Amino acid sequence: MADIQHLIGGQSTAATAGRTQPVYNPATGEATSTLHLASVADVDAAVASAKAAFAEWRYVSIAKRTKLMYKFRNLLEANADEIATRLTAEHGKVHSDALGEVARGIENVEFACNIAEQLKGSFNEHASTGVDVYSVRQPLGVVAGITPFNFPAMVPLWMIPNAVATGNTFILKPSERDPSAPMFMAELFHEVGFPDGVLNVVQGDKVAVDRLLEHPDVKAASFVGSTPIAHYVYSTGTANGKRVQALGGAKNHMIVMPDADIDMSADAAVSAAYGSAGERCMAISVAVAVGDVADPLVDAIRARMEKLRIGPGDDPASEMGPLITREARDRVAGYVGKGQDAGATVVVDGRDAQFDNDGFFLGVSLLDHVTTDMDVYKDEIFGPVLCVVRVDTYDEGVKLIEDNQWGNGAAIFTRDGATARRFQDEADAGMVGINVPIPVPVGYHSFGGWKDSLFGDTTMYGPEGVRFYTRGKVLTSRWPEPSESQVDLGFPTN
Ligand code: NAD
């Protein structure tokens, strides 16, 4: 089995703690490599490398940073298939989905290629007699990124491009479940010529995260993961004086109005609920059926579910792969039973699906007549289970979103412009889709939810990412008017 170690100062660096854990191929259930987990000393070595690199990197010209970023973009694109292959082998999502993830990640590198525009300051001349005032944004220093298993390539790319393009150096702590794709991308990053130490990767768990959050030389942390850990990372990091943005979990609702196109809504619900086995923070997990749309909508979703092909992610025929771990599969299956026991109607039971291998597969489930007191409604299931809540009016649907703990994404399906416009005002979520089930913003906007989906006040990537990784400085300067003697020395007077 391959060993997966750290990348520190541009070198593959052996972990010192002697703690390891297996990385699995979820489609076969087999352990495929051994991940070496960081000790405090390993994290300290990465921080020291990043700190030393920062001293020079922050003064590397914007022109050179931009050229490197373009090269990185091109190398990522040239290796997209390889990144996606590694991703599928450890995450399980189907290859086409993995390729889509890489493409969405590359958008953020493209945004960072335009960093000169983002770093333009502002200037007032003659603020007072002989006085000019100007504002600039400067890098923070060493910054850390802690990322989840579900987008092992894309989420690191939400962070790294803007962080390094603005002059910071970076330490990535990828998920221990699927570290190979981010590690490979870090190798490509070095291949294009970024100096050693600008990007370091430490493999690890809570030990590594805790050390990053307490190390005095780490100035900021970007986190994406579940809500309890996001809250922990935010409170620990900020208590230690660091700037933190921590994106958490979600329970995204999709309201389907009586006037909606049923086929379009059902297609959207199926791809948004079951794509990537429902392991997306922007997955739709609740379909809110308004009025008499419920019966035809449930029928249309069920008909599509029957045709879904579930299998290994590297099989081109598969449309959905396995879940990330055996435990995740069993936990998600348990929710179907919990929903049934609580009185929901199990329209399609994913536990009935049979698979002839030891992969962490689970069929897709549809629960109807779900109510807000049920665990299947209250918890983030993070698997291929779609709940249908039936309401009589649009107002009841919007109220469900407002009352929910999370506010990552929300969508409405309707043919009526006035309803859509009301929804864009009233939806209590950070990212809203109108006839778009998964409204993940493009790389030149920013990504982030509301309520328990985001701790901190800065969302990720795009302009807010640049803002997060820089701090403002305002300069006030006074120069005397040219004097007679300076005129004599050749200074112009007009
Ligand atoms: P997770 O919270 O278990 O892990 C995320 C990261 O935190 C990993 O790097 C992990 O090693 C680390 N970690 C885990 N336990 C820790 C602890 N006790 N102390 C310190 N660090 C710890 O999340 P996950 O299971 O990898 O990812 C799925 C979750 O991420 C879901 O809840 C999903 O909604 C969320 N997510 C949110 C977004 C978003 O943009 N809001 C995007 C992707 C995923």
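As the structure is a computational prediction, the values presented were derived from the model and not from experiment. The analysis underlying the following values was restricted to heavy atoms, covering all of them including side chains, and did not include hydrogens, waters or symmetry mates. Every number for a ligand or one of its atoms is a count from 1 in the order of the listing.
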#### Entry: Ser39 and Thr16 side chains, donor-acceptor separation under 3.5 Å
yes
#### Entry: Closest approach of any protein heavy atom to atom 26 (O) of ligand 1, naming residue and atom
Phe149 N, 3.0 Å
### Task
Using a strict 4.0 Å cut-off to heavy atoms of Cys281, name the atoms of ligand 1 that fall inside it.
34 (O), 36 (N), 37 (C), 38 (C), 39 (C), 40 (O), 42 (C), 43 (C), 44 (C)
### Query
Just one of Leu199, Leu172, Ile146, Asn108 clears the side chain to side chain contact (heavy atoms under 4.5 Å, CB included) bar with Pro156, so which one?
Leu172
### Query
Does ligand 1 have an atom that lies less than 4.0 angstrom from a heavy atom of Trp158?
yes
#### Entry: Proximal atoms of ligand 1 relative to Ile146 (non-hydrogen, under 4.0 Å)
6 (C), 7 (O), 9 (O)
### Message
Among all the protein's non-hydrogen atoms, which is closest to atom 40 (O) of ligand 1, and how far away is it?
### Response
Phe447 CE2, 3.0 Å
### Query
So, does Gly248 sit close enough to ligand 1 that a heavy atom of it is under 4.0 Å from the ligand?
yes
### Message
Checking a contact table here: which protein heavy atom is nearest atom 28 (C) of ligand 1, and how many Å away?
### Response
Phe382 CE2, 3.5 Å
#### Entry: atom 4 (O) of ligand 1 within contact range, any protein heavy atom under 4.0 Å
no
#### Entry: Cationic tip of Arg86 above Phe184 ring, under 6.0 Å, 45° of axis
yes
## Note on the structure
Judged by heavy atoms only, the candidate from Lys206, Lys251, Glu176, Arg280 nearest atom 11 (O) of ligand 1 is Glu176
### Query
Would a distance-only check, ignoring hydrogens and angles, find a side-chain to backbone donor-acceptor pair under 3.5 Å from Arg331 to Ile381?
yes
### Summary
A student checking ligand 1 against Asn408 at a 4.0 Å heavy-atom cut-off should list atoms 41 (N)
### Task
Specify the protein heavy atom at minimum distance from atom 44 (C) of ligand 1: its residue, its atom name, and the distance to 0.1 Å.
Asn150 OD1, 3.2 Å
### atom 17 (C) of ligand 1 [closest protein heavy-atom partner, distance rounded to 0.1 Å]
Ile229 CD1, 3.7 Å
### Summary
Heavy-atom proximity to atom 20 (C) of ligand 1, picking from Leu212, Val209, Thr147, points to Val209
### Message
Quick check against the 3.5 Å criterion: does Glu464 have a side-chain atom that pairs as donor or acceptor with the backbone of Thr459?
### Response
yes
### Sub-6.0 Å ring centroid separation between Tyr377 and His253
yes
### Task
Provide, to 0.1 Å, the distance between atom 23 (O) of ligand 1 and the closest protein heavy atom, together with that atom's residue and name.
Ser226 N, 3.5 Å
### Message
Does ligand 1 come near enough to Asp205 that some N or O of the ligand is less than 3.5 Å from an N or O of the residue?
### Response
no
### Message
Taking the ring centre of each residue, are Phe189 and Phe72 less than 6.0 Å apart?
### Response
yes
### Task
Just need the protein heavy atom nearest to atom 32 (O) of ligand 1, so name the residue and atom and give the distance.
Glu380 OE1, 2.7 Å
### Query
So, do Trp57 and Phe194 have ring centers that fall under 6.0 Å from each other?
yes
### Query
Who's the nearest protein heavy-atom neighbour of atom 27 (O) of ligand 1, and how far?
Pro148 CB, 3.3 Å
### Task
Measure the CE-OG distance between Met282 and Ser453 for me, rounded to the nearest 0.5 Å.
9.5 Å
### Query
Does NZ or CZ of Lys338 come closer than 6.0 Å to the centre of the six-membered ring of Tyr335, within 45° of the ring's axis?
yes
### Query
Side chains of Asn150 and His91: is there a donor and an acceptor less than 3.5 Å apart?
no
